[in-house]
Structures are given as C-alpha cells and as structure tokens.
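What follows is one structure encoded as structure tokens, with my remarks underneath.
Values in this document were obtained by computation on a predicted structure and should not be read as measured data. Residue numbers begin at 1 in each chain, while the letters A, B, ... track the order of the sequences. Hydrogens, waters and symmetry mates play no part in the numbers below; they use all other heavy atoms, side chains included.
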There are 2 protein chains.
Amino acid sequence: MSSTDLKKGSAELLILSLLERGPRHGYELCKRIESRSRGAVRFNVASLYPLLYRLEKRGWLQGRWVEKAGQRRRRYYRLTTEGRTVLKARRRSWSEFVAAVRRIVGPDYA
Amino acid sequence: MSSTDLKKGSAELLILSLLERGPRHGYELCKRIESRSRGAVRFNVASLYPLLYRLEKRGWLQGRWVEKAGQRRRRYYRLTTEGRTVLKARRRSWSEFVAAVRRIVGPDYA
DNA sequence: GCGCTATATATCGTCGTACAACATATAGCT
DNA sequence: AGCTATATGTTGTACGACGATATATAGCGC
C-alpha cells in the first residue's frame, strides 16, 4: 500500500488533532501535516477541502471566514465540543488499531 | 474514522504478513486476522477475495487450488519472491507512517 | 510588464475500493 | 428440514482520493 493509501483512514484524526490547540485554516493544516510528518504524509487539496466540509457538516468543526486587506480570505476552523469528544474516541481507536496491526504484522524491522 | 476506514490502507500489509510463514487460504486469513487482532480488525469477504486476486495479479502471491474429498475446494496462496520484497518495503513504510501520525496526533491517551 | 512562486480556496471528472447482499457448495448438529 | 460453520465467489452501490484545472492576491527577479 502506498503512503497515499495508508493515510486514508487517518485523515480525520490528523485534522482533529491539529485543531485541538486552536483554530487553523485549510492551507495551514495542509502545510503543518507535511512539515510535522517530515514529508511522510502529504495532503492533496482536492481531498482536504471536501474533508473539512464533511467534518463541519457532522458538527465536529465550525468554520468562519476571516478577511484581511491585501490577502485572500481564509476560513478558520475550530473544534466543537462534539469534535473534542470524537477526537478522544478516534485517538483511542487509532492506538488500538495500531496495536492490532502490530500483533499481526510483527515487530518493526525498519 | 471507523475501524473499517482505518484498515483500508493496511489490508495488503496484513495479508502479506500472514502469508510470510506459509500458504494460507482466504477464509483462514479472514479468521486469523480477526482472532489475532482480538476482533479489532474484521475482514469482509467481499473485500478479501477481490484483494487476493489483485495481489495475485500483481505477482505478489501465487494461488493454487487444493481439493479434498468431503470438503469445499480451497485456494491456498503463497508469497512470491516479489511479494517478500514488497512486504519488507510495506513494513517499513507502515512504521514510518505510524511514527509520522504519532508526531501529529501526539502520545496515546488510551 | 511578464513569468514565476507562494499563499489560499474551490470544483470536476475519473478511478479504485469497501461492503451489503446475494449465490453456491459441503458437512455436522438438532 | 433448518441452523451453523466452513469456503469461495459476484453484483451493485456508494464513497472518497486525487490529478487537473480555476480563481484571487502578493512578492520577487529580470
């Protein structure tokens, strides 16, 4: 599986995690994921924006337009209370999943 | 992301890993994944069989029918040399991916 | 002025894949 | 005869990833 495939399931977890410490806009999330993962995870904008809309629609995020002179408008997203609850659950299920995979795949030989 | 979504990217890694120690047939792989992950990862047959065909088509697996009296025929898959090479690479990229996610998501609070 | 890059958001069309549902076949248990 | 377990397979739907493309603003080099 390519690194593209690998990130499929974890995209939401990454977004929610990054928003935990404060509002971020789409492009910023994109760049943060790339730099924090040292390039291992890269987000295509054609996936990111629709994903943000979905999360907002589910009530986990709340977006708000911020306009500044001499700048393209930005949409800042913040975690809702429900979003925080979901994040907690997602973190737990992620670590459970990783543990389960480790039991099947065996220890790392990296 | 549901545990269903989570496993999307790792399905191939799981199959390849299980076949590392010897030939297995589809249903057996299904059951082994379920039991080794203690129920955390479950495979739908409608995903498993097409996946096995794909892997075989790519030359990573080789299947062979085994018929026994009083039993439904089984198709046993074994890892090819190419499959072993791919498995090695997949294992490495999986652990890199997990490390990258951990840097973004933070430590486990499970 | 022009091309390039970076910042920032957005959509369209294609393609792959997961899975519910259904189908088939064998055997044992009740 | 009906249920469960074993075992493989297909069809149809639906969702999501991503390449390509578009729009808008600003700065830099030439």
Side-chain angles (χ1 to χ4, degrees), chain A residues 1-15 18-19 23-35 37 39-58 60-77 97, chain B residues 1-15 18-19 23-35 37 40-58 60-77 97 101:
Chain A
M1 101 216 67
S2 66
S3 97
T4 350
D5 294 325
L6 279 172
K7 71 170 188 268
K8 279 181 186 173
S10 51
E12 297 178 9
L13 174 64
L14 296 177
I15 299 297
L18 285 175
L19 292 179
R24 305 274 183 262
H25 60 89
Y27 191 79
E28 200 182 354
L29 290 168
C30 219
K31 292 295 153 191
R32 268 173 199 256
I33 287 174
E34 235 180 288
S35 72
S37 75
V41 186
R42 201 166 302 166
F43 240 100
N44 193 306
V45 290
S47 315
L48 178 70
Y49 291 111
L51 175 55
L52 288 172
Y53 307 150
R54 285 199 300 275
L55 298 186
E56 191 176 9
K57 204 174 170 188
R58 287 181 211 159
W60 302 350
L61 310 184
Q62 173 121 50
R64 147 179 165 269
W65 284 111
V66 175
E67 313 240 13
K68 256 193 187 174
Q71 246 185 7
R72 184 113 162 61
R73 59 178 190 165
R74 294 169 173 172
R75 190 161 175 85
Y76 280 87
Y77 292 93
F97 178 73
Chain B
M1 103 217 66
S2 66
S3 97
T4 351
D5 293 326
L6 280 171
K7 70 169 189 269
K8 279 183 186 172
S10 52
E12 297 178 9
L13 174 63
L14 296 178
I15 300 296
L18 286 175
L19 291 180
R24 305 275 183 262
H25 59 89
Y27 191 79
E28 199 182 355
L29 290 167
C30 220
K31 292 295 152 191
R32 266 172 200 258
I33 286 173
E34 235 180 287
S35 72
S37 75
V41 187
R42 201 165 304 165
F43 241 98
N44 192 306
V45 290
S47 314
L48 177 70
Y49 291 112
L51 175 56
L52 288 171
Y53 307 149
R54 286 200 297 276
L55 298 185
E56 190 175 10
K57 204 174 170 189
R58 286 181 210 159
W60 302 350
L61 309 185
Q62 173 121 49
R64 147 180 166 267
W65 283 111
V66 175
E67 313 240 12
K68 257 193 186 174
Q71 244 184 9
R72 184 112 161 61
R73 60 180 192 165
R74 293 169 174 173
R75 191 162 175 84
Y76 281 87
Y77 292 94
F97 178 73
V101 170

Note to self: By nearest atom, which of the nucleotides C:dT9, C:dA20, D:dG9 is closest to the A:Tyr49 side chain?
What the structure shows: C:dT9

Notebook entry, point to check: Of all the nucleotides listed (C:dA10, C:dA21, C:dT7), which has the minimum atom distance to the side chain of A:Arg73?
Noted result: C:dA10

Margin query: Measuring from atom NE2 of B:His25 to atom CZ of B:Arg72, what distance do you get when rounded to the nearest 0.5 angstrom?
Written below: 12.0 Å

Interface polar pairs with nucleotides 22-24 of chain C, N/O, under 3.5 angstrom:
| unit_1 | atom_1 | unit_2 | atom_2 | d |
| --- | --- | --- | --- | --- |
| C:dT24 | O2 | B:Arg72 | NH2 | 3.4 |

Next item on the list: Please tell me if the side chains of A:Leu29 and A:Leu52 come closer than 4.5 Å, counting only heavy atoms from C-beta onward.
Entry: yes

Checklist line | Verdict with reasoning, A:Ile15 to A:Tyr77, per side-chain contact (heavy atoms from CB on, under 4.5 Å) | finding: CA-CA 10 Å; A:Ile15 299 297; A:Tyr77 292 93; over 6 Å; no

Check: Rounded to the Å, how far apart are A:Arg75 CZ and D:dT23 P?
Finding: 22 Å

Next item on the list: For A:Pro50 and for A:Gln71, locate the closest nucleotide of DNA chain C by heavy-atom distance; then report the residue assigned to the nucleotide nearer the 5' terminus.
Entry: A:Gln71

Item checked: Nearest-angstrom distance from the residue atom CG of A:Asn44 to C1' of C:dT11 -> 12 Å

Item checked: Length of the CZ-P vector between A:Phe43 and C:dT7, whole Å -> 18 Å

Margin query: Under 4.0 Å, heavy atoms only, any strand: does B:Tyr53 hit a base, just the sugar-phosphate, or nothing?
Written below: sugar-phosphate

Notebook entry, point to check: Does B:Arg54 make a side-chain N or O approach to OP1 or OP2 of C:dT17 shorter than 4.0 Å?
Noted result: yes

Checklist line | Interatomic distance, A:Leu52 CG vs D:dA17 C1' [rounded to whole Å] | finding: 14 Å

Note to self: Expressed as a whole number of angstroms, how long is the span from A:Leu14:CG to D:dA17:P?
What the structure shows: 12 Å

Next item on the list: Using side chain to side chain contact (heavy atoms under 4.5 Å, CB included) as the criterion, point out the one residue from A:Leu55, A:Leu61, A:Leu14 that pairs with A:Leu19.
Entry: A:Leu61

Notebook entry, point to check: So, are A:Arg42 and A:Glu34 salt-bridged, with charged N and O less than 4.0 Å apart?
Noted result: yes

Next item on the list: Can you tell me the distance, in whole Å, between the CG atom of A:Leu48 and the C1' atom of C:dT7?
Entry: 14 Å

Margin query: I want to verify a distance call: between D:dA20, C:dT7, D:dT11, whose nearest atom is closest to the B:Ala46 side chain?
Written below: D:dT11

Check: Can B:Tyr27 and B:Phe43 be said to form a side-chain contact (heavy atoms from CB on, under 4.5 Å), step by step?
Finding: CA-CA 10 Å; B:Tyr27 191 79; B:Phe43 241 98; over 6 Å; no

Next item on the list: Could you tell me the separation between the CZ atom of B:Arg42 and the P atom of C:dA20, rounded to a whole number of Å?
Entry: 11 Å

Margin query: As an exercise, state the distance from OH of B:Tyr53 to CZ of B:Arg75, rounded to the nearest 0.5 Å.
Written below: 8.0 Å

Check: Distance check: side-chain N/O of B:Tyr27 vs OP1/OP2 of D:dT8, anything under 4.0 Å?
Finding: no

Checklist line | For atom NE2 of B:His25 and atom P of D:dG9, their distance in whole Å | finding: 12 Å

